[in-house]
Amino acid sequence: MERKRILTGDRPTGKLHLGHYVGSVRNRVRLQDEYDCFFIIADLHTLTTKPEKENIEALPDNVRSAVLDYLACGIDPAKSVIYLQSAVPEVAELALLFGNLVTVPRLSRIPSLKEMAQGAGIEEMPFGLLGYPILQTADILMPRAHLVPVGKDNVAHVELTREIARRFNFLYGETFPVPEVLVSDVGSLVGTDGGTKMSKSLDNAIYLSDDGKTVRKRVMSMFTDPKRVSADVPGTVEGNPVFVYHDVFNPDAAQVEDLKVRYRVGKVGDVEVKEKLVTALNAFLDPIRERRAKYESVSGLADEIVYDGTMRMREEARATLNLALKAMGLSAVWNRIARKAEDVKKKRDKAVNQ
Ligand code: ATP
Ligand code: MG
């Protein structure tokens with residue numbers, strides 16, 4: 001039996017951070033043996049908020065950086081297809097077809113799109129940004145994926161994908177699987193500023209490639225319990241980003257529990273809690289950093305991986321688009337016209353030659 005498929009990916013807007021790791025990358029690494037995986041580097045999606053030339057010029061380096069982060073985290077390109085969205089033009093055609101299966105009010109109700117516009121300082125919703133989840137639907141259905149591991153902010157997009165897949169199948173016959181979403185147990189990692197989401201654009205991130213000194217600096221300036229003015233004041237652990245990170249990244253559960261107990265009664269300073277977090281984070285990041293450095297030293301490695309993956313994905317995309325066009329009866333439109341035209345031409349040529 002054929003294995004089930006995964007599609008997920010990232011926009012190449014820069015380096016990956018801890019939020020990307022716990023929200024999606026960790027699940028990819030865990031599932032890559034069980035599923036056929038397709039990881040998209042979604043550069044067309046960056047245009048929805050950043051269409052300017054200088055952002056496009058930054059894409060090749062950002063793509064390489066994403067691939068190195070993947071490899072460093074343990075994604076194996078021999079098992080998974082890593083590809084560049086803009087080099088697979090079929091995705092635009094599929095998105096155009098899907099755009100007819102969804103209404104503008106339905107798209108307007110998706111909260112993440114408004115948040116993205118706000119975050120990018122955009123006042124009026126661009127057509128492309130409103131259509132972000134349609135393009136994402138084309139990404140997901142292109143390899144006919146069954147499972148989509150993403151962070152919480154993307155759940156509403158996968159819900160739309162499911163609706164579009166069902167609608168397509170209803171109108172044109174069973175063509176696409178209706179994919180399941182997989183949200184990790186840390187669906188949205190808080191930022192170092194206590195904001196709801198660690199994010200590049202909010203400058204509240206710790207990157208997988210940050211060195212030890214940078215991690216220390218970021219942790220030491222982290223937001224904690226604002227009501228706690230000194231170490232002897234009882235503090236709140238719940239929702240406190242320093243403890244959220246301890247829970248996720250510190251494998252020493254007894255140490256974390258001890259810190260929490262003392263924090264609650266005002267028997268430990270923020271500095272000690274943070275020092276221990278720096279140690280835990282650096283221990284977590286060290287092997288990732290080492291692998292990243294090793295892969296980075298191989299000239300052209302990331303480029304070759306994306307090249308091979310994209311070539312593979314192009315075949316996949318052609319096959320899926322053909323399936324969709326056939327199901328819709330759209331390929332038959334041209335086929336009939338073309339057959340008739342060729343027929344007429346052939347007959348005319350024959351008559352002239354006689
Ligand atoms: P950023 O705002 O930092 O650029 P992003 O939301 O643009 O991040 P994407 O490239 O759009 O990141 O998403 C990549 C994947 O990582 C998505 O599945 C997204 O849900 C997930 N993700 C991003 N940030 C976080 C976070 N703070 N916590 C959990 N998952 C996250
Ligand atoms: Mg991003």
Side-chain angles (χ1 to χ4, degrees), residues 6-31 37-50 55 58-59 61-63 65-67 69-70 73 75 82-86 110-122 128-129 131-133 135-137 139-140 145 147-161 179-210 218 222-223 239 241 244-245 247-249 281:
I6 279 181
L7 181 122
T8 185
D10 306 276
R11 293 184 296 165
T13 46
K15 300 168 290 183
L16 297 192
H17 51 61
L18 295 175
H20 294 123
Y21 181 81
V22 293
S24 173
V25 176
R26 188 166 61 175
N27 271 334
R28 300 179 206 175
V29 177
R30 187 168 64 82
L31 296 170
C37 292
F38 294 83
F39 300 134
I40 182 173
I41 305 192
D43 56 341
L44 292 176
H45 278 282
T46 66
L47 303 179
T48 58
T49 51
K50 295 177 163 188
N55 295 314
L59 288 174
D61 278 342
N62 287 346
V63 170
S65 160
V67 176
D69 282 330
Y70 292 171
C73 291
I75 287 178
I82 300 172
Y83 71 98
L84 182 67
Q85 184 187 31
S86 67
I110 297 176
S112 53
L113 301 178
K114 268 171 240 144
E115 282 158 24
M116 280 171 73
Q118 263 169 13
I122 298 170
L129 184 54
Y132 188 107
L135 185 56
Q136 198 172 340
T137 295
D139 297 333
I140 294 168
L147 189 68
V148 190
V150 285
K152 213 160 72 188
D153 55 339
N154 267 282
V155 173
H157 302 178
V158 182
E159 189 45 49
L160 188 88
T161 299
E180 302 285 336
V181 69
L182 175 70
V183 189
S184 83
D185 43 1
V186 191
S188 188
L189 187 71
V190 290
T192 54
D193 60 353
T196 47
K197 189 184 160 219
M198 180 177 282
S199 160
K200 238 165 313 196
S201 27
L202 300 174
D203 193 25
N204 63 4
I206 294 175
Y207 294 93
L208 298 177
S209 49
D210 278 347
R218 291 195 196 262
M222 263 180 84
F223 180 98
V244 172
Y245 290 11
D247 279 334
V248 179
F249 298 103
L281 280 178

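Computed from a predicted structure; not experimentally measured. Just follow the structure's listing: the first ligand is 1, and inside any ligand the first atom is 1.
- The closest side-chain heavy-atom distance from Leu135 to His157 is not below 4.5 Å.
- To the nearest 0.5 angstrom, Asp193 atom CG is 7.0 Å from Leu202 atom CG.
- Considering both main-chain and side-chain atoms, Met198 comes within under 3.5 Å of ligand 1 through a nitrogen or oxygen pair.
- Looking at Ser209 and Lys15, their side chains never bring a donor and an acceptor atom within 3.5 Å of each other.
- Geometrically, ligand 1 and Thr8 share no nitrogen or oxygen pair separated by less than 3.5 Å.
- Side chains of Asp43 and Ser86: a donor on one and an acceptor on the other come within 3.5 Å.
- At a heavy-atom distance under 4.0 Å, atoms from both the backbone and the side chain of Leu189 approach ligand 1.
- With 3.5 Å as the limit, one finds no donor-acceptor pair spanning the side chains of Asp69 and His20.
- Across Asn154, Val150, Val158, heavy-atom proximity to atom 17 (C) of ligand 1 is greatest for Asn154.
- Here Thr13 has side-chain heavy atoms under 4.0 Å from ligand 1, and that is the only part of it that gets that close.
- Note: an N/O pair closer than 3.5 Å links Gly19 and ligand 1 by distance alone.
- Under 4.0 Å is where a charged nitrogen must lie from a carboxylate oxygen, and between Asp10 and Arg28 at least one such pair does.
- At a heavy-atom cutoff of 4.0 Å, ligand 1 is contacted by the side chain of His17 but not by its backbone.
- Contact between Gly187 and ligand 1 is present, with at least one heavy atom of the residue lying under 4.0 Å from the ligand.
- Residue Gly151 has at least one nitrogen or oxygen atom sitting less than 3.5 Å from a nitrogen or oxygen atom of ligand 1, judged on distance alone.
- The main-chain N or O of Asp61 is never found under 3.5 Å from a side-chain atom of Ser65 such that the two would form a donor-acceptor pair.
- Not a single heavy atom of Gly119 sits less than 4.0 Å from an atom of ligand 1.
- Where the criterion is an N or O separation shorter than 3.5 Å, residue side chain and backbone included, Arg11 meets it with respect to ligand 1.
- Within the 4.5 Å cutoff, the side chain of Leu189 has heavy atoms near those of the Tyr245 side chain.
- Among residues two or more places apart in sequence or in another chain, the salt bridge (Lys or Arg N to Asp or Glu O under 4.0 Å) test is passed with Asp203 by none.
- In terms of N/O distances under 3.5 Å, ligand 1 is not approached by Lys152.
- Those atoms of ligand 1 that come under 4.0 Å of a heavy atom in Gly23, given as number and element, are 29 (C), 30 (N).
- Atom numbering of ligand 1 starts at 1 in the shown order; those under 4.0 Å from a heavy atom of Ser201 are 2 (O).
- For the pair Leu147 and Leu31, the minimum side-chain heavy-atom distance is below 4.5 Å.
- Ligand 1 has no N or O atom lying under 3.5 Å from any N or O atom of Ser24, backbone or side chain.
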